Amino acid sequence: MVATAPTPTGTTPPTVDAARGRTVRVAAVAAVSVAVGAVALALPAWPAGEDMGSTHYMGLLAANQPWNLLLFMAVPVILAETIAVSELAILFRRQVSLVVTALNRYAGLVAGFYFLGVVVYLTRHAVVPLTTSGGWRGPADLVAVGFYLLGVVPLYGMALLETRVLGAGWDDEHRLKVHATLVGLFLVVAHVAMIAGMLDPTVLGWQPTHVMDDGSSMAGMTH
């Protein structure tokens, strides 16, 4: 008699059909992710607004009003808040209407893939140029942008969870716990980004300079 390994708590034993279904889901999610990334890479850089010496996080949201604010802040935050509110209803009542569960699921799917595109776009047009040119404005700037981009981890994780690429064998209770944890994690990183982004970067030691026509630098100026 051959002994079988016990199934971990919160999971169900995999079957051939389940494994085949997971392969199809992984392929579909990978294809969508690549497509989203390709579109984000193909998009041109939006023109920047006037440099007021704030963090690049605030500069991004202040430029091209109201579009940057809508695309980079309002859309992901509204989706995340929708997930959070519907998540609370599910956690407290468990038996909720199909509308609430569908809203929770599809908001997670849209948020994950949408924010993946945002991260790819900003990595190409902001993170790489700022890093290669030494344009970061001290710790506040790095924390604000870094934590904003970290939001892709919980949001994309939720998309993987909703498509069953992640946790396909988990039971509903375990999946709900992980989903709620990811929601909380996004809210934490998003608020850290907001707080650091609104901070004057000179508070944490950054010294603004202006490069003159002859190549010399003048302290205390940003434009």
Side-chain angles (χ1 to χ4, degrees), residues 26-80 83 107-163 165-166 182 185-199 201 204 206 208-211 222-223:
V26 169
V29 169
V32 173
S33 300
V34 170
V36 169
V39 171
L41 288 173
L43 291 173
W46 286 41
E50 183 180 358
D51 184 4
M52 301 303 294
S54 60
T55 62
H56 286 95
Y57 174 96
M58 286 300 295
L60 173 70
L61 300 181
N64 304 311
Q65 288 285 345
W67 305 113
N68 277 22
L69 185 63
L70 291 172
L71 294 172
F72 297 111
M73 176 58 67
V75 171
V77 168
I78 289 172
L79 287 170
I83 298 167
L109 284 170
V110 173
F113 290 113
Y114 178 85
F115 206 72
L116 175 65
V118 169
V119 168
V120 173
Y121 175 86
L122 291 180
T123 299
R124 180 193 175 190
H125 294 297
V127 175
V128 172
L130 288 172
T131 302
T132 55
S133 66
W136 292 107
R137 295 172 174 170
D141 203 17
L142 287 167
V143 170
V145 176
F147 271 80
Y148 177 81
L149 297 178
L150 273 177
V152 74
V153 175
L155 289 184
Y156 191 65
M158 278 186 271
L160 297 181
L161 198 63
E162 298 295 359
T163 55
V165 169
L166 176 66
L182 292 175
L185 180 60
F186 174 76
L187 294 177
V188 169
V189 297
H191 282 85
V192 171
M194 289 179 193
I195 294 169
M198 289 185 285
L199 186 67
L204 296 185
W206 176 66
T209 58
H210 173 68
V211 179
T222 60
H223 58 278

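What you see is a predicted model; the values in this text were computed from it and never measured.
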Trainee: Decide yes or no for L161 and L166: does some side-chain heavy atom of the first lie under 4.5 Å from some side-chain heavy atom of the second?
Mentor: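 L161 reaches L166 side chain to side chain.
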
Trainee: Would a distance-only check, ignoring hydrogens and angles, find a side-chain to backbone donor-acceptor pair under 3.5 Å from R137 to S54?
Mentor: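 Pair found, side chain donor or acceptor close to backbone of S54.
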
Trainee: With rounding to the nearest 0.5 Å, note down the distance linking CG in N64 to CG in L70.
Mentor: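 So the CG of N64 and the CG of L70 are separated by 11.5 Å.
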
Trainee: Would you name the heavy atoms of M58 and G197 that are closest together and state the gap between them?
Mentor: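 What the structure gives for the nearest pair is CG-O, 2.6 Å.
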
Trainee: Could you tell me if the side chain of Y57 sits less than 4.5 Å from the side chain of L199, heavy atoms only?
Mentor: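 With C-beta onward as the side chain, the pair stays apart.
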
Trainee: My understanding is that only residues two or more places apart in sequence, or in another chain, count here; which of them pass side-chain hydrogen bond (donor to acceptor under 3.5 Å, both in side chains) with T123?
Mentor: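 For T123, no residue satisfies side-chain hydrogen bond (donor to acceptor under 3.5 Å, both in side chains) once neighbours in sequence are set aside.
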
Trainee: For residues Q65 and L61, report the shortest heavy-atom separation together with the two atoms involved.
Mentor: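 Closest heavy-atom pair between Q65 and L61: NE2-O, 2.8 Å.
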
Trainee: Measure the CG-NE2 distance between L130 and H125 for me, rounded to the nearest 0.5 Å.
Mentor: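 Taking CG in L130 and NE2 in H125, the distance rounds to 12.5 Å.
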
Trainee: For F186, give me all partners under ring-ring contact (aromatic ring centres under 6.0 Å, His included), at least two apart in sequence or on another chain.
Mentor: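 Applying ring-ring contact (aromatic ring centres under 6.0 Å, His included) to F186 gives none.
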
Trainee: Once rounded to the nearest 0.5 Å, what's the spacing between atom CG of L60 and atom CG of L69?
Mentor: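 So the gap between those two atoms works out to 9.5 Å.
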
Trainee: Could you list the residues that satisfy side-chain hydrogen bond (donor to acceptor under 3.5 Å, both in side chains) with S33, not counting sequence neighbours?
Mentor: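 For S33, the residues satisfying side-chain hydrogen bond (donor to acceptor under 3.5 Å, both in side chains) (neighbours in sequence not counted) are Y156.
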
Trainee: Anything under 3.5 Å between a donor and an acceptor, one on a side chain of residues 143-153, the other on a protein residue two or more places apart or in another chain? List them.
Mentor:
residue, atom, partner, partner atom, Å
Y148, OH, F72, O, 2.4

Trainee: How many angstroms lie between CE in M73 and CG in N68, if you round to the nearest 0.5 Å?
Mentor: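 One finds 11.0 Å between CE of M73 and CG of N68.
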
Trainee: Would you say that L160 contacts V29 through its side chain, given a criterion of any heavy-atom pair below 4.5 Å between the two side chains?
Mentor: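 A side-chain contact exists here, since the closest heavy-atom pair is under 4.5 Å.
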
Trainee: Under the criterion side chain to side chain contact (heavy atoms under 4.5 Å, CB included), which of T163, L182, L109 is the partner of M158?
Mentor: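 The side chain to side chain contact (heavy atoms under 4.5 Å, CB included) with M158 is passed solely by L182 among T163, L182, L109.
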
Trainee: Under the side chain to side chain donor-acceptor pair (under 3.5 Å) definition, can you give me all pairs with a residue in residues 189-199, not counting sequence neighbours?
Mentor: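 Checked against side chain to side chain donor-acceptor pair (under 3.5 Å) - neighbours excluded - no pair reaches residues 189-199.
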
Trainee: Check side-chain contact (heavy atoms from CB on, under 4.5 Å) between L79 and all other residues, then give those that pass, not counting sequence neighbours.
Mentor: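 So L79 forms a side-chain contact (heavy atoms from CB on, under 4.5 Å) with V75, A107, V110, A111.
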
Trainee: Shortest non-hydrogen contact from D141 to W136?
Mentor: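 Residues D141 and W136, closest heavy atoms: OD2-CE3, 3.5 Å.
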
Trainee: Looking at every non-hydrogen atom in both residues, tell me the closest pair between Y114 and P76 and how far apart they are.
Mentor: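 In this case the closest contact between Y114 and P76 is CE2-CD, 4.0 Å.
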
Trainee: Do you know which two heavy atoms are closest between W46 and W67, and how far apart they sit?
Mentor: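 Closest pair (atom of W46, atom of W67, distance): CZ3-CB, 3.5 Å.
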
Trainee: What are the two closest heavy atoms between P201 and G53, and how far apart are they?
Mentor: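 So the minimum-distance heavy-atom pair works out to CG-O, 3.4 Å.
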
